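First comes the structure, then the notes that go with it.
Note that the structure is predicted; figures quoted are calculated from it, not measured.
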Amino acid sequence: MSYFSVRQVSKSYDTRLALSDFSLELEKGSFLSIVGASGSGKSTLLRIMAGLEVQDAGEVFLDGEMILNPKHKLVSGYDEIKLIHQDYHLFPNSTVEENIARPLLQYDKKYAKQRVEELLGLLGLKEFRNRYPRQLSGGQQQKVAIAKALSVEPELLLLDEPFSSLDTIQTHQLISELKSLFEELGTTVVFVTHDLDDALRLTDNLLILQKGKTVQVGNSKELCEKPKSRYVARLFSPINLIPDRFNSYLRPSDVKLRSKGTLMGHVLDSRYLVHYNSLQIRLKNGGEIWEVDDPLRKYKIGDRVYLTWDEEKVMLL
């Protein structure tokens with residue numbers, strides 16, 4: 001039996017289906033990123049996993065113990081499972097140190113003090129221990145929220161879009177720090193997000209959720225090179241439909257720009273990105289617009305271009 005299991009869980013709100021027959025197995029200490037658009041059921045799933053939401057059907061188990069929902073448990077939730085939101089849920093009139101210590105009020109005082117000191121050190125918060133949340137950056141506040149959740153040494157940490165209110169630089173820095181921290185602590189982590197880049201920075205173990213159902217599970221290479229649907233394919237990049245071919249698509253990076261080729265078109269737009277120019281090309285045959293990478297930054301708006309590709313790169317979706 002897996003360490004953590006979600007078995008055939010379903011949930012609806014009135015007529016809206018949030019989750020449909022969803023199952024998941026996790027080993028202890030594993031990382032999983034669940035990626036899906038808004039409304040795909042990610043937050044509902046985490047609340048059910050934490051024992052905070054009543055599911056319509058299905059069961060959840062942690063280390064062989066069934067997780068009871070509010071319908072069957074007077075005080076919902078478990079110390080063993082902690083849910084972190086994008087809203088930090090910190091006490092505004094308590095210091096960083098006091099916020100982290102709050103879940104430990106009923107614990108042995110010596111242990112509580114030692115645990116708070118450990119977390120302040122692990123998350124680089126010692127110099128901020130006497131500050132209030134309003135005196136911290138968004139990234140620092142999120143670190144305090146995570147330290148607060150980790151104070152009781154949970155076995156499973158659930159992260160619900162925790163970086164969505166942070167800027168790109170803060171997000172990348174925080175994810176890098178947290179990845180090292182979770183590996184050191186051996187905590188089992190489930191991270192849900194709509195941002196594939198954020199998911200991949202934390203772990204290469206991915207589950208793609210669409211309309212409450214698992215559509216594909218695997219690592220980034222598997223999902224990028226062999227997506228099972230257009231939805232999964234588009235999470236990694238735009239895709240171009242090959243004219244006059246049934247459900248045949250190419251990624252912008254797999255299209256080659258040549259002086260002669262299979263298709264001819266004209267450059268409508270060119271955008272300078274870090275590693276290449278991103279071109280919009282209107283095809284002469286049918287007028288479709290393709291997105292194509294130009295790593296040599298060779299082509300300008302108005303240029304005629306010819307497009308070709310390797311057949312092994314074509315995705316049938």
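Residue pairs satisfying the salt bridge (Lys or Arg N to Asp or Glu O under 4.0 Å) criterion with at least one member in residues 277-301, sequence neighbours excluded, are absent. The list of ring-ring contact (aromatic ring centres under 6.0 Å, His included) pairs with a residue in residues 162-199, not counting sequence neighbours, reads Phe163-Phe191. Residue pairs satisfying the salt bridge (Lys or Arg N to Asp or Glu O under 4.0 Å) criterion with at least one member in residues 108-131, sequence neighbours excluded, are listed as follows: Glu97-Arg129, Arg115-Glu118, Glu117-Arg129. Sequence neighbours left out, the pairs with a member in residues 137-155 that pass salt bridge (Lys or Arg N to Asp or Glu O under 4.0 Å) are Lys143-Glu177.
Cluster annotation: Leu241 is not connected to Ile289 through the hydrophobic network of ILVMFWY side chains, with a link wherever side-chain heavy atoms come within less than 4.5 Å. No path of Ile, Leu, Val, Met, Phe, Trp and Tyr side chains, each step under 4.5 Å between heavy atoms, connects Leu174 with Val192, placing them in separate hydrophobic clusters. Under the 4.5 Å side-chain heavy-atom criterion for ILVMFWY residues, no single connected hydrophobic cluster contains both Val189 and Ile34. Tyr249 and Val255 are assigned to two separate hydrophobic clusters, defined by single-linkage of ILVMFWY side chains at heavy-atom distances under 4.5 Å. Both Leu178 and Leu120 are members of a single hydrophobic cluster when ILVMFWY side chains are connected at heavy-atom separations under 4.5 Å.
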Carefully, step by step, assess Val144 and Phe128 under the rule side chain to side chain contact (heavy atoms under 4.5 Å, CB included). CA-CA 10 Å; Val144 176; Phe128 307 106; over 6 Å; no
Assess the residue pair Val6 and Phe22 against the criterion (side chain to side chain contact (heavy atoms under 4.5 Å, CB included)); give the C-alpha distance rounded to whole Å, side-chain angles, the decisive distance to 0.1 Å, and a yes or no. CA-CA 7 Å; Val6 180; Phe22 180 91; 3.8 Å; yes
Run Ser220 and Asp204 through side-chain hydrogen bond (donor to acceptor under 3.5 Å, both in side chains) and show every step you take. CA-CA 6 Å; Ser220 56; Asp204 198 39; 2.6 Å; yes
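A search for salt bridge (charged side-chain N to carboxylate O under 4.0 Å, His left out) contacts involving Asp244 returns nothing, not counting sequence neighbours. The salt bridge (charged side-chain N to carboxylate O under 4.0 Å, His left out) test applied to Arg251 returns no partner, not counting sequence neighbours. Annotation: side-chain contact (heavy atoms from CB on, under 4.5 Å) contacts of Asp167 (sequence neighbours excluded): Ile169, Gln170. When the salt bridge (charged side-chain N to carboxylate O under 4.0 Å, His left out) test is applied to Asp79, the partners found at least two apart in sequence or on another chain are Lys82. For His72, the ring-ring contact (aromatic ring centres under 6.0 Å, His included) criterion is met by no residue, not counting sequence neighbours. A search for salt bridge (charged side-chain N to carboxylate O under 4.0 Å, His left out) contacts involving Glu80 returns nothing, not counting sequence neighbours.
Between the side chain of Asp195 and the main chain of Asp197, a donor-acceptor pair closer than 3.5 Å is present. Within the 3.5 Å criterion, the main-chain N or O of Phe246 finds a donor-acceptor partner in the side chain of Ser248. In this structure, Gln142 contributes its side chain and Gly139 its backbone to no donor-acceptor pair below 3.5 Å. A donor-acceptor contact shorter than 3.5 Å links the side chain of Asn247 to the backbone of Leu317. Between the Thr203 side chain and the Asn205 main chain, a donor and an acceptor come within less than 3.5 Å of each other. Using a distance-only test at 3.5 Å, with no hydrogens or angles considered, a donor-acceptor pair links the side chain of Tyr78 to the main chain of Leu68. Trp290 places no side-chain N or O within donor-acceptor distance of the main-chain N or O of Ile239, the cut-off being under 3.5 Å.
Across all their heavy atoms, Ile84 and Ala149 have their closest contact at CD1-CB, 3.1 Å. Closest approach of Leu166 to Gly138, counting heavy atoms only: CD2-C, 3.3 Å. Across all non-hydrogen atoms, the minimal contact from Ile67 to Leu62 is CD1-CB, 3.9 Å. Of all heavy-atom pairs spanning Ala199 and Ser33, the tightest one is O-OG, 3.3 Å. Here the shortest heavy-atom pairing between Thr214 and Leu209 reads N-CD1, 4.0 Å. Residue Ala147 comes nearest to Leu119 through the heavy atom pair O-CD1, 3.3 Å, listed as atom of the first residue, atom of the second, then distance.
From Ser151, atom OG reaches atom CG of Asn99 across 10.5 Å, with rounding to the nearest 0.5 Å. Here the CZ-OH distance, from Arg258 to Tyr306, works out to 14.5 Å after rounding to the nearest 0.5 Å. If you take CG on Asp21 and NZ on Lys213, they are separated by 8.5 Å, rounding to the nearest 0.5 Å. Expressed to the nearest 0.5 Å, how far CG of Leu202 lies from CD1 of Ile175 amounts to 6.5 Å. Going from atom CG of Leu150 over to atom CG of Leu123 covers 7.0 Å, rounded to the nearest 0.5 Å. Rounding to the nearest 0.5 Å gives a distance of 10.5 Å between CE of Met315 and NZ of Lys313.
Side-chain contact check for Arg245 versus Val314: some heavy-atom pair is nearer than 4.5 Å. When side chains are defined from C-beta on, His85 counts as touching Leu83, because their heavy atoms get closer than 4.5 Å. When side chains are defined from C-beta on, Leu156 does not count as touching Tyr3, because their heavy atoms never get closer than 4.5 Å. Between Leu307 and Leu257 the shortest side-chain heavy-atom distance falls below 4.5 Å. Using a 4.5 Å cut-off on side-chain heavy atoms (C-beta onward), Val267 and Val292 make no contact. Put simply, the side chain of Ser237 reaches to within 4.5 Å of the side chain of Pro252, judged on heavy atoms. Proximity of Thr188 to Phe4: side-chain heavy atoms (C-beta onward) are nowhere separated by under 4.5 Å. Counting only heavy atoms from C-beta outward, the side chains of Leu250 and Ile242 approach each other to under 4.5 Å.
Annotation: Gln8, atom CD; neighbour count of heavy atoms from other residues, nucleotides and ligands within 6.0 Å does not exceed 12. By the 6.0 Å contact criterion, NZ on Lys73 is enclosed, its count of non-hydrogen atoms from other residues, nucleotides or ligands being greater than 12.
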Distance-only check: which donor-acceptor pairs under 3.5 Å involve side-chain atoms of residues 39-55, not counting sequence neighbours?
residue, atom, partner, partner atom, Å
Ser40, OG, Ala37, O, 2.7
Lys42, NZ, Gly36, O, 3.0
Lys42, NZ, Ala37, O, 3.1
Ser43, OG, Asp160, OD1, 3.1
Ser43, OG, Asp160, OD2, 2.9
Thr44, OG1, Tyr13, OH, 3.3
Arg47, NE, Glu53, OE1, 3.1
Arg47, NH2, Leu52, O, 3.1
Glu53, OE2, Tyr13, OH, 3.4
Gln55, OE1, Asn69, ND2, 3.2
Gln55, NE2, Gly58, O, 3.2

What side-chain donor-acceptor pairs closer than 3.5 Å can you find for residues 89-96, not counting sequence neighbours?
residue, atom, partner, partner atom, Å
Ser94, OG, Arg102, NH2, 3.4
Thr95, OG1, Glu98, N, 3.1
Thr95, OG1, Glu98, OE1, 3.4

